[in-house]
Enquirer: 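Below you will find the structure I want to go over with you.
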2 protein chains.
Amino acid sequence: MKILVVEDEKGLAESITDYLSREGFICEVANTFWQADEKISLYQYDCTIVDLTLPDGDGFDIIQTLKKIAATTGIIIISARNTLEDKIKGLEIGSDDYMTKPFHLSELNARVKSLIRRRHFGGNNDMIWKEITVQLAARKVFIRDTETMLSRKEYDLLLYFLSNIDVALTKESIAEHLWGDNMDSADSLDMVYSHIKNLRRKIVEKGGKDYIQSIYGIGYKFTAS
Amino acid sequence: MKILVVEDEKGLAESITDYLSREGFICEVANTFWQADEKISLYQYDCTIVDLTLPDGDGFDIIQTLKKIAATTGIIIISARNTLEDKIKGLEIGSDDYMTKPFHLSELNARVKSLIRRRHFGGNNDMIWKEITVQLAARKVFIRDTETMLSRKEYDLLLYFLSNIDVALTKESIAEHLWGDNMDSADSLDMVYSHIKNLRRKIVEKGGKDYIQSIYGIGYKFTAS
DNA sequence: AAAAAGGAATGAAAATATTAGTTGTGGAAG
DNA sequence: CTTCCACAACTAATATTTTCATTCCTTTTT
């Protein structure tokens, strides 16, 4: 899961990314709205955390950018002031959640997770496909009713596949999803192979079919046929 | 997909082409604007990356060339200076995207892909002709409702044909589309024959007709009649 | 119309690129 | 302290691409 943190205070940005990385999210930071706008149009994020107290841009521009962000990813707004004005801003762009400073990182984390669950999987706490069931809240995976322990990367990989059933995913996009964009593309490919192998083994081991289809020269596809 | 990189710094040009080749693009380099102009009029590219800090040519010439480039392919401008002057230049010629040095190759890659997506597929995701259906996102090909696995070259070839129904394509243009222009023309003919043969076989095998019509002395045409 | 010449098709082998599988190391988490 | 996992390096297996010799067609020439 990839998260974009839009925050100009380096210290706060780092605290947030540190915390969320430890929770298994891939984090990227944009220091300005302009940067955020850029990143949004280039990459896909599952959730964007925006600090409304950024210096650049006037009110109107910001709302435009926020709308654009909100259209493609979930969005959580952070603001120092608990004023009506800000709340209205938040609602206007259809933000998914709203927090006032100061806040606990654990709360932010909880909100991010709940948002991703809501957005990504329609509020459903379970993702079910064929004999694979993922309990998102508990982070548990079941294959044919037997629980299967997956490592973090394996879990992320499985979720990425499950939200892209029947779509050909390039090795590169998988790598980007699992490690973010600051990756040496040569090295990361071997790691993709490794994790694919592990996930495959675990699924088959528990009685699932090998749904991961290799596409030579391209990447992989999660598919029933 | 073919990309032209207009860049005089050999090192940078190589980094770019290395990276993008790994991503599956066919890359060619032009070291000067003059060369770029040449190439543009001879070949077709899906995207052109132009470094605006090239030494040759004066401002006006450059703009003329850029306009010519922009008219036929997508264009991404790279510039060392984040000056207004350059930005205006970029907009004036209707460039599709704009980056300042230094940048990450992964970002360039993302921009190229997003540009190609926008330009090429304009949102619609299936290509259907007679009993042949290509699902671009899933990279699936169906002949008469049965899925057909195609290798990369076969797939590229089929897509080239499908976007040129009823048009006579020379062997040379096919070779150029599949491998770029730095090819030994004698060898490339044999390779074209080979891949034509394989694609034909797969189409017919799955119950399609042999839509690939040979035109003696010229090349091939994909046609129903 | 027959022969010659050049282009195209085919099948199979060789070369290459890509993916799978193994193992070892280091570091983090418990 | 132990276990687990991410990562890297390496080897093996596999799929694709390219090459090549040969045959089969078309066109051109005589």
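Reminder, nothing fancy here: chain letters follow the sequence lines and each chain counts from 1.
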Enquirer: Using only side-chain N and O atoms of B/W179, determine if any of them is under 4.0 Å from OP1 or OP2 of D/dT18.
Expert: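 Answer is yes, contact under 4.0 Å.
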Enquirer: May I have the distance from B/L150 (atom CG) to D/dT17 (atom C1'), rounded to whole angstrom?
Expert: 15 Å
Enquirer: For residues 142-160 of chain A, which residue pairs pass the salt bridge (charged side-chain N to carboxylate O under 4.0 Å, His left out) check, not counting sequence neighbours?
Expert: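 Qualifying pairs: A/E154-A/K202.
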Enquirer: For A/N198, report the nucleic acid contact type (base, sugar-phosphate, nothing); a contact means any heavy atom under 4.0 Å.
Expert: nothing
Enquirer: Specify the separation, in whole Å, of atom CG of B/L157 and atom P of D/dT16.
Expert: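 Computing the B/L157:CG to D/dT16:P distance gives 15 Å.
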Enquirer: Whole Å only: how far is the CG atom of A/D18 from the P atom of C/dA28?
Expert: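 Interatomic distance, CG of A/D18 to P of C/dA28: 13 Å.
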Enquirer: With sequence neighbours excluded, tell me which residues meet salt bridge (Lys or Arg N to Asp or Glu O under 4.0 Å) with B/K221.
Expert: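 Testing B/K221 for salt bridge (Lys or Arg N to Asp or Glu O under 4.0 Å), a comparison that skips the adjacent residues, returns none.
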Enquirer: Listed by chain and number, what are the side chain to side chain contact (heavy atoms under 4.5 Å, CB included) partners of A/T170, not counting sequence neighbours?
Expert: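 A/T170 satisfies side chain to side chain contact (heavy atoms under 4.5 Å, CB included) with A/E172, A/S173, A/I218 only.
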Enquirer: Strictly below 4.0 Å: does B/H195 bring a side-chain N or O up to OP1 or OP2 of D/dT18?
Expert: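 True: B/H195 side-chain N/O within range (under 4.0 Å) of D/dT18 OP1/OP2.
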Enquirer: Tell me which donor-acceptor pairs under 3.5 Å the side chains of residues 204-212 of chain A have, and how far apart each pair is, sequence neighbours excluded?
Expert:
| from | atom 1 | to | atom 2 | distance (Å) |
| --- | --- | --- | --- | --- |
| A/D210 | OD1 | A/R200 | NE | 3.3 |
| A/D210 | OD1 | A/I212 | N | 3.2 |
| A/D210 | OD2 | A/R200 | NE | 3.2 |
| A/Y211 | OH | A/E131 | OE1 | 2.9 |
| A/Y211 | OH | A/E131 | OE2 | 3.0 |

Enquirer: Once each nucleotide of nucleotides 10-23 of chain C is scored for protein heavy atoms under 4.0 Å, what B/S/- sequence comes out, 5' to 3'?
Expert: SB-----BSBSSB-
Enquirer: Tell me which of B/D187 and B/K202 sits closer to the 5' end of DNA chain D, going by the nucleotide each one is nearest to.
Expert: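 First, find each residue's nearest nucleotide; the 5'-ward one identifies B/K202.
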Enquirer: Which word best sums up how the rings of B/F222 and B/W129 line up, parallel for under 30°, tilted for 30 to 60°, or perpendicular for over 60°?
Expert: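 Aromatic pair B/F222/B/W129 classed tilted.
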Enquirer: When the distance from CD of A/E154 to P of D/dA6 is rounded to whole Å, what number comes out?
Expert: 6 Å
Enquirer: Quick one: ring pair (Phe, Tyr, Trp, His ring centres under 6.0 Å) pairs with a partner in residues 8-28 of chain A, sequence neighbours left out?
Expert: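 For residues 8-28 of chain A: none.
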Enquirer: Could you check how far CD1 of B/I174 sits from P of D/dT17, rounded to whole Å?
Expert: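 Atom CD1 in B/I174 sits about 16 Å away from atom P in D/dT17.
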